[in-house]
Amino acid sequence: QQQVKQSPQSLIVQKGGISIINCAYENTAFDYFPWYQQFPGKGPALLIAIRPDVSEKKEGRFTISFNKSAKQFSLHIMDSQPGDSATYFCAASMHYQLIWGAGTKLIIKP
Amino acid sequence: DTEVTQTPKHLVMGMTNKKSLKCEQHMGHRAMYWYKQKAKKPPELMFVYSYEKLSINESVPSRFSPECPNSSLLNLHLHALQPEDSALYLCASSQGTSGRAGELFFGEGSRLTVL
């Protein structure tokens, strides 16, 4: 299975709250799991990424949690800010292939 | 500032026109990509160039013709497009097509409208 399932489709969080986006995959051959952030009218930008031999990676307010046995990974945005409002895509990579989740539109309310 | 530069940012063309999209990267990356993105959807892979050679064509119609003149440049030639081809066209680059191939650097895209 080449799909990456992402949820929720949309998410509204109060400023200062924690935003959580979840993804699940089937193919255990995937070897790299990036998250991309995309603002309207712009190209996606790599936000943070993790390899399957690591259970957690933190960069500033952004953390990826990775559960290899469950084939799930999630993005946590701590202290969410209005500037974090964007569409977030999870993805799974194998060689040149990058399989994308459907995306989550995140809105942070002031 | 993005290190992948795409021109033009916006393009409107008729179905009989011939136009080109251009992409340039100066990160020394050896893989370059064209993606197509429709509204509220993830990017869809069109073409992959590895070391200036076309390595992947995801069954893209021949009205789209890619070209890689050198390791820094990537073009997408457009001819006889259809209105349904209207989309954001994204260029990306990566260090290679294995290992951290999922670590793509995207340009801001070219917004194409076909009338």
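First the proteins, then the strands, lettered A, B, ... as listed; each starts at 1.
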Evaluate the side-chain proximity of [Y] to [X]: yes if any heavy-atom separation is below 4.5 Å, no if none is.
{"X": "B:Leu45", "Y": "A:Leu98", "result": "no"}
{"X": "A:Lys42", "Y": "B:Leu90", "result": "no"}
{"X": "A:Tyr36", "Y": "B:Leu104", "result": "yes"}

Would you say that more than 12 heavy atoms from the other residues, nucleotides or ligands in this model lie under 6.0 Å from the [atom1] of [X], or not?
{"X": "B:Tyr51", "atom1": "OH", "value": "no"}
{"X": "A:Lys57", "atom1": "NZ", "value": "yes"}
{"X": "B:Lys38", "atom1": "NZ", "value": "yes"}
{"X": "B:Met27", "atom1": "CE", "value": "yes"}
{"X": "A:Gln9", "atom1": "CD", "value": "no"}

Given that the side chain runs from C-beta out, which part of A:Ala102 has a heavy atom under 4.5 Å from chain B: side chain, backbone, both or neither?
backbone

Region of B:Gln37 that comes under 4.5 Å of a non-hydrogen atom in chain A
side chain

So which part of B:Gln6 gets closer than 4.5 Å to some heavy atom of chain A, the side chain, the backbone, both or neither?
neither

If hydrophobic clusters are built by linking Ile, Leu, Val, Met, Phe, Trp and Tyr wherever their side-chain heavy atoms come under 4.5 Å apart, do A:Tyr25 and A:Ile20 end up in the same one?
no

Where is the tightest heavy-atom contact between B:Pro43 and A:Pro44, given as atom of each residue plus distance?
CG-CG, 4.1 Å

